[in-house]
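In what follows, every chain begins at residue 1, and chains take the letters A, B, ... in the order their sequences are listed. Because the structure is predicted, anything quoted here is derived from the model rather than measured.
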Amino acid sequence: MVVGKAAIRCFGVAEASISDSIAAARVQGHPVQGRKQEIMIDKRVTSIADAMKGIKDGSTVLFGGFGAVGHPGQLIDGLIEHGAKDLTLVGNNAGSGRVEPLVRLLATGRVRKIICSFPRSAGSVVFDEMHKSGKLELELVPQGTLAERIRAAGAGVPAFYTPTAYGTALGEGKEVREFNGRMYLLEHAIRADVALVEAWQADRWGNLTYKLSGRNFNPIMATAAELTIVQAQHIVELGALGPEHIHTPGVYVNRVVHVPYGDPAPALVTTA
Amino acid sequence: MVVGKAAIRCFGVAEASISDSIAAARVQGHPVQGRKQEIMIDKRVTSIADAMKGIKDGSTVLFGGFGAVGHPGQLIDGLIEHGAKDLTLVGNNAGSGRVEPLVRLLATGRVRKIICSFPRSAGSVVFDEMHKSGKLELELVPQGTLAERIRAAGAGVPAFYTPTAYGTALGEGKEVREFNGRMYLLEHAIRADVALVEAWQADRWGNLTYKLSGRNFNPIMATAAELTIVQAQHIVELGALGPEHIHTPGVYVNRVVHVPYGDPAPALVTTA
Amino acid sequence: MTTTASRATGAAEGFKPWTRPEMAARLAKDIPEGWCVNLGIGIPLLVSNFVKGREVIFHSENGIVGMGGLQKPEELEPWLVNAGKQNVNLVTGASIVHHADSFAMIRGGHIDLCVLGAFEVAENGDFANWTTSLTDGVPAVGGAMDLAVGAKRLWVIMDHTSKDGRPKLLERCALPLTALKAVSRVYTNFAVIDVGPQGFEVIDMAPGLSMEALEAQTGAKLKRKAA
Amino acid sequence: MTTTASRATGAAEGFKPWTRPEMAARLAKDIPEGWCVNLGIGIPLLVSNFVKGREVIFHSENGIVGMGGLQKPEELEPWLVNAGKQNVNLVTGASIVHHADSFAMIRGGHIDLCVLGAFEVAENGDFANWTTSLTDGVPAVGGAMDLAVGAKRLWVIMDHTSKDGRPKLLERCALPLTALKAVSRVYTNFAVIDVGPQGFEVIDMAPGLSMEALEAQTGAKLKRKAA
């Protein structure tokens with residue numbers, strides 16, 4: 001039914017590729033006690049390289065984290081190794097210093113554009129240099145609008161109205177509309193090809209929990225991409241996460257890789 | 001600053017009344033171990049009558065529940081006792097039989113309009129009679145659109161686009177817009193004066209958890225009203241609910257009343 | 001007169017229509033392991049009986065991801081209901097979300113398949129399943145319109161003809177629509193039919209049924225699906 | 001030159017400007033128990049030091065409702081940071097939400113008060129606090145614009161004049177705006193000033209400061225707030 005499929009594809013949910021992901025996940029299936037020889041849902045992959053398979057040049061990539069906390073640094077490293085280029089990155093920050101994975105990814109020159117709320121920080125030298133020299137495009141979005149645009153993509157809402165940024169430089173050129181005497185801007189969903197997510201616990205279905213402030217953008221990003229890849233500190237048995245305490249249902253997740261990297265670096269620098 | 005206040009009032013968040021609620025909550029404050037004589041946040045009220053105070057004629061009232069599960073029947077009873085009239089009710093169902101609180105509220109004739117997705121069921125006799133005789137207006141809304149309109153109100157989003165109901169009788173008269181080749185309807189937030197919520201656990205700040213399918217509309221309704229009133233099966237000490245497992249932060253809640261009514265009736269009838 | 005009527009027709013034509021469990025089993029066979037599936041009330045729910053041994057995740061729009069079967073009297077948990085408000089179980093790995101998140105999952109294209117009943121399906125994929133009249137009685141819509149536009153694919157399972165023997169697969173729907181161009185496949189007691197770019201394409205027929213006999217019971221052109 | 005400059009001015013005028021802790025304490029006095037408050041980075045954060053003994057719930061836009069103070073080295077929990085990415089504690093009763101829910105709380109009018117710093121505040125409530133230039137350097141906005149339009153009320157806390165002694169309370173802002181008609185009150189080292197329907201209304205002044213001296217440091221008309 002061509003029309004329907006085309007319509008759905010507008011949001012980037014290409015049927016074939018999703019089925020491919022499921023097939024890929026199934027390949028990872030292996031015998032488990034009591035269900036020997038039976039293939040089942042198992043989204044775990046055994047290496048970061050496997051987790052990155054199929055990411056194409058030109059992809060839009062969401063990355064979780066608020067600074068270092070809940071940031072999937074090892075997956076970003078994997079993306080560098082993978083080599084995809086002409087990328088659009090979407091996340092809150094643009095990294096600081098010269099050694100963290102996000103900054104090294106920017107330095108490869110494979111990122112065309114970054115959509116974020118807070119690119120500038122004390123140490124955001126690489127972003128600064130590349131942006132000033134015209135090598136990296138910036139779309140600056142208020143943090144709440146960024147979050148809502150990502151959430152909207154995952155929720156099948158193509159656009160919504162928000163009061164944020166009305167009358168400011170960041171609202172220029174946007175469609176304005178009045179509701180009940182107040183002015184709002186029209187904002188569009190940010191649908192991505194790939195989401196890179198950092199979780200605390202994951203099971204083989206891809207059900208996730210996040211630790212404290214590590215939650216931040218991760219749950220909404222997990223919903224907004226065609227291919228959601230998770231690095232999890234802990235892999236747990238199916239059923240170990242309480243049904244009422246799962247933060248991201250596995251339905252949103254395509255691949256999970258175990259990355260027990262430990263704690264994020266304590267961060268006392270003042271940035272946002 | 002008049003303009004700003006007026007703008008916020010468009011959404012029904014009148015500053016004065018919120019402050020009144022807080023003041024009312026504070027009146028309930030009482031000495032607690034280690035903080036003797038000190039007034040603190042305590043949203044608990046000791047009777048359903050107290051929980052209903054200040055609800056005005058003409059109010060829009062959200063009520064939680066999917067059928068009987070997570071439905072604040074005792075608060076609805078309280079609303080009948082309270083006597084407010086000319087009400088607009090917003091919830092998924094319109095009740096069945098003749099004895100449940102929602103049906104008895106409809107029968108009082110104090111409800112002008114109901115906004116819901118599934119008014120009809122095997123036993124929805126009172127709704128049927130009143131609607132047919134023109135005593136009760138119905139706004140029929142697809143269930144997902146109903147949920148999203150309520151969520152939007154709580155999130156400060158006045159309107160959004162959805163593909164649901166485009167080209168159907170329920171989309172007639174609504175604004176249509178194309179995004180990426182697909183057609184969408186503009187839908188508006190449903191902001192309410194009062195939300196009646198059923199929770200499993202509550203603490204004195206109004207932090208809430210819900211039990212299993214009892215969650216349904218309750219968390220979003222709690223965010224979308226000027227006055228959110230909760231009936232909770234269990235009152236727990238502040239701190240007893242894990243920070244990562246609270247389903248509704250107390251910020252959204254104005255009053256909590258302890259109603260240990262037990263389980264909803266097992267329901268095996270086929271309705272939706 | 002309902003299924004009996006259809007079957008009588010079948011008998012008259014010299015073939016054996018599929019029973020409802022057979023229809024459900026035929027549909028279930030086409031669900032790959034790993035899909036997340038929402039089943040409507042009625043015949044669609046029967047589908048869950050025929051996926052045993054495969055991990056298929058059932059979604060219920062009131063916020064359950066990983067719904068199990070109906071509860072037995074001895075396992076009563078009144079705080080768990082499905083979209084039809086029947087008491088159900090959770091499977092291992094299930095999670096609970098609130099209504100807005102549940103419909104975000106639906107609308108956002110995260111449900112692989114929705115199976116619904118219908119009054120009418122048109123050859124362009126339009127379908128009608130929520131009300132037979134906008135003026136008689138009180139209409140109710142529930143989550144049907146959201147599921148129809150939101151799920152990655154929508155399959156309809158229904159009797160091939162109405163209770164009084166009229167075709168339910170049509171050139172155009174006469175009843176109020178649930179969604180436009182939404183149905184991709186129809187499972188009836190007579191046949192399995194894809195909704196292709198040029199209309200209905202027959203994939204499979206009940207044993208003994210001829211294409212001519214099927215066309216006689218259908219209100220639109222049929223062609224065989226190219227292999 | 002910064003606060004020193006202002007104080008020098010104060011000394012020259014024969015009054016003693018408030019210190020930053022005094023400004024924060026003065027603001028904190030106006031926060032009723034029970035409010036949910038979001039404090040911006042910098043001087044606003046000092047406010048939390050002066051609400052001891054009252055239950056005020058601090059919100060951090062990265063998803064904390066019920067934020068406590070900065071962590072001491074011995075209580076390090078690296079998985080808890082505030083909006084400034086400093087390690088903080090939770091108070092009893094705290095909860096964690098994701099970013100979209102956190103900004104839904106902000107945009108939906110559920111935060112009673114937001115306190116921000118600013119470069120400029122205009123007499124109609126417009127203010128500028130996110131960038132001094134759209135062309136020099138890389139701008140960053142964070143959550144300031146969301147907080148400014150979403151919180152029930154926005155109070156600005158800042159020095160009364162800029163580092164080089166120019167007024168920061170103006171008839172109209174010159175810098176890129178953060179939000180229109182958003183500020184309802186300003187706490188400076190010289191005075192506490194409401195943004196009323198007709199402009200700035202002085203509520204309180206530093207000891208020894210005259211209305212004339214205050215006007216000399218302000219780029220817009222001032223009137224005394226009617227009692």
### Query
Should the ring pair B:Y210 and B:H247 be called parallel, tilted or perpendicular, given that the plane angle runs from 0 to 90° and is split at 30 and 60?
parallel
### Task
Select one option (side chain, backbone, both, neither) describing which atoms of A:L212 are under 4.5 Å from chain B's heavy atoms.
both
### Query
Non-hydrogen atoms of chain A under 4.5 Å away: do they reach the side chain of B:E148, the backbone, both or neither?
side chain
### Message
As an exercise: rank B:A155, B:A159, B:P243 by heavy-atom pairs under 4.5 Å with chain A and give me the winner.
### Response
B:A159
## Note on the structure
Closest non-hydrogen contact found for B:I235 with B:V256 is CD1-CG1, 3.6 Å
### Message
Please determine whether side-chain contact (heavy atoms from CB on, under 4.5 Å) holds for the pair B:W200 and B:R215, giving the CA-CA distance in whole Å, both sets of side-chain angles, and the decisive distance to 0.1 Å.
### Response
CA-CA 9 Å; B:W200 183 245; B:R215 196 179 306 188; over 6 Å; no
### Task
Please name the pair of heavy atoms, one in A:D193 and one in A:G58, separated by the smallest distance, quoted to 0.1 Å.
OD2-O, 4.4 Å
